[in-house]
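Inspection log for the structure reproduced underneath, given as structure tokens.
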2 protein chains.
Amino acid sequence: MNYSRQESVEKAMTVFWQKGYAGTGMRDIQTALDKRPGSIYAAFGNKEGLYLAALEAYTEDLAATLKECTLADSPLHALKSFLHSTLGQTDALTYKRQCFIFKAQADWLALPAGIQSALRQSLQQLRGRFEDIVKAAQQHGELAEDIVPEQAALWLQGQFIAIRTLSTAIENESALEWMLDKVFNDLGKH
Amino acid sequence: MNYSRQESVEKAMTVFWQKGYAGTGMRDIQTALDKRPGSIYAAFGNKEGLYLAALEAYTEDLAATLKECTLADSPLHALKSFLHSTLGQTDALTYKRQCFIFKAQADWLALPAGIQSALRQSLQQLRGRFEDIVKAAQQHGELAEDIVPEQAALWLQGQFIAIRTLSTAIENESALEWMLDKVFNDLGKH
DNA sequence: CTTTGTATTGAACGATCGTTCAGTTCGGCG
DNA sequence: CGCCGAACTGAACGATCGTTCAATACAAAG
């Protein structure tokens with residue numbers, strides 16, 4: 001039951017991730033979950049409820065991954081290799097290159113109000129995790145102390161968007177590697 | 001006729017820009033253009049045709065703006081102030097902060113094949129205009145000669161995505177200004 | 001005024017949308 | 001076994017989707 005719920009949420013997340021909120025039909029989801037409408041509505045209320053569950057799961061996952069970076073010996077190196085790993089998704093998994101949340105934000109005005117505020121909340125939460133990584137890097141001497149963690153976190157979030165978005169449209173992998181290096185070079189500069 | 005066509009394309013672009021391809025219904029467009037379905041389908045064939053017309057218009061507009069930057073006394077300064085101006089859109093115009101093309105790319109897998117290839121083409125074309133700006137900046141001595149224009153253009157395109165996307169989710173304007181400054185500081189660094 | 005070709009209208013089509021609900025299945029407890 | 005509550009089924013609902021087309025309006029030419 002509860003396990004099955006988590007499994008359902010993950011499958012739904014996959015579909016929403018690929019086709020967006022508006023682009024995803026409940027019948028796509030019924031197929032993906034191999035469940036009939038009644039079951040899904042009994043468990044999640046409606047399409048919005050299911051999407052919110054998927055968004056929460058995604059945010060938790062990503063936040064946990066970023067938290068791991070904070071605890072690593074080299075926080076910045078861990079962050080870099082995580083970002084690098086997202087670019088490696090190929091073929092049927094290329095949809096994972098782009099961030100689920102920013103993908104959603106593209107349809108901003110067409111989304112239910114409940115989803116809009118949930119998206120803002122997720123973004124804020126994840127920015128907090130970036131901030132933790134910056135602070136951890138400073139404590140490990142990887143980053144100068146005069147870097148403002150709040151600014152650096154926002155900037156890092158932006159670089160994630162940039163690289164992950166570009167990676168869906170650019171086939172030149174070495175150019176992306178170069179950008180990745182540049183990000184972690186530029187981070188400590190003024 | 002032809003003027004009215006251009007006007008129609010612009011209005012359609014506004015709607016697509018706000019609500020995305022899947023999120024926009026033909027009835028939204030009929031309302032925005034104050035035209036009945038028959039007229040629209042006679043002029044553009046179908047929803048995809050209308051979207052392609054809007055995409056083309058957007059690309060042409062943006063390419064022209066970037067071309068102006070190339071011709072300016074200070075290409076980089078011109079580019080910076082253009083990017084700055086896009087962030088200034090408020091209230092009902094906030095949808096303009098995000099790039100029309102990358103907004104579309106979010107729904108990538110849900111889009112008709114014709115739109116997918118048109119999007120790739122637009123991105124490539126605009127990257128070419130960024131490259132022109134970099135080269136012009138080098139000729140004006142604003143940028144070191146050892147910067148590889150192709151790499152710098154891709155990187156600039158990424159920074160545009162980052163800042164414009166963040167600006168739709170961040171209310172802190174001074175933080176965005178700071179990021180904008182950082183972009184043009186980092187551009188020439190290695 | 002009539003004719004001709006083009007632009008526009010708006011009702012209507014089948015398909016698909018999100019959602020509902022009466023009926024069925026199923027696991028666990030007495 | 002008999003019973004209960006929870007989970008699931010699948011047909012069906014009204015609304016909306018993209019699209020079509022016969023009918024109408026209109027501008028220019030004869």
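Atom set for the values below is all heavy atoms of this structure, side chains included, hydrogens, waters and symmetry mates excluded. The chains referred to below are lettered A, B, ... by the order of the sequence lines, with proteins before strands, and numbering in each begins at 1.
Comparing Ala22(A) and Arg27(B) by the nucleotide of DNA chain C whose heavy atom lies nearest to each, the residue mapping closer to the 5' end is Arg27(B). Looking at which nucleotide of DNA chain D each of Lys47(B) and Lys35(A) is closest to, the 5′-most match is held by Lys35(A).
To the nearest angstrom, P of dT16(D) lies 18 Å from CE of Met26(A). For Ile40(B) and dT9(C), the CD1 to P distance is 9 Å, given to the nearest whole Å. We find that CG of Asp28(B) is positioned 7 Å from P of dC17(D), with the value rounded to whole Å. In this structure, CD1 of Ile29(B) is placed 19 Å from P of dG10(C), rounded to the nearest angstrom. Rounded to whole Å, the distance from NZ on Lys19(B) to C1' on dT16(D) is 12 Å. To the nearest angstrom, P of dT20(D) lies 8 Å from CG of Asn46(B).
Counting heavy-atom neighbours within 6.0 Å of Glu173(B) CD, excluding the residue itself, gives a total of 12 or less. Counting heavy atoms of neighbouring residues, nucleotides and ligands inside a 6.0 Å radius, atom CD of Gln125(B) exceeds 12 of them. For CD of Glu177(B), the number of neighbouring non-hydrogen atoms (other residues, nucleotides, ligands) closer than 6.0 Å is greater than 12. Residue-environment remark: NZ (Lys189(B)) exceeds the threshold of 12 foreign heavy atoms within 6.0 Å.
Side-chain contact between Gln159(A) and Lys182(A) is absent, with no heavy-atom pair separated by less than 4.5 Å.
Using a cut-off of 4.0 Å between Lys/Arg side-chain N and Asp/Glu carboxylate O, Lys135(A) and Glu131(A) are scored as salt-bridged. Between Asp107(A) and Lys103(B) no salt bridge is recorded (no basic side-chain N to carboxylate O distance below 4.0 Å).
The structure places CE of Met179(A) at 10.0 Å from OG of Ser167(A), a figure rounded to the nearest 0.5 Å.
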Between the protein and nucleotides 21-27 of chain C, which nitrogen or oxygen pairs are less than 3.5 angstrom apart?
none

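Among the protein residues, Gln30(A) comes within range of the nucleic acid bases, having at least one heavy atom under 4.0 Å from a base atom.
Side chains of Ser174(A) and Asn172(A): a donor-acceptor N/O pair is present below 3.5 angstrom, by distance only.
The one candidate from Asp28(A), Leu55(A), Leu50(A) that meets the side-chain contact (heavy atoms from CB on, under 4.5 Å) condition with Phe16(A) is Leu50(A). Partner of Tyr51(B) under the ring pair (Phe, Tyr, Trp, His ring centres under 6.0 Å) criterion, out of Trp17(B), Phe100(B), Phe44(B): Phe100(B) alone.
End-to-end axis angle of the helix from dC1(C)-dG30(D) to dG30(C)-dC1(D), using five pairs per end and rounding to 10°, comes to 10°.
Distances shown here put a side-chain N or O of Arg36(B) below 4.0 Å from the OP1 or OP2 atom of dG10(C).
For residues 104-114 of chain A, proximity to DNA chain D is found at no residue, defined as any non-hydrogen atom under 4.0 angstrom from a strand atom.
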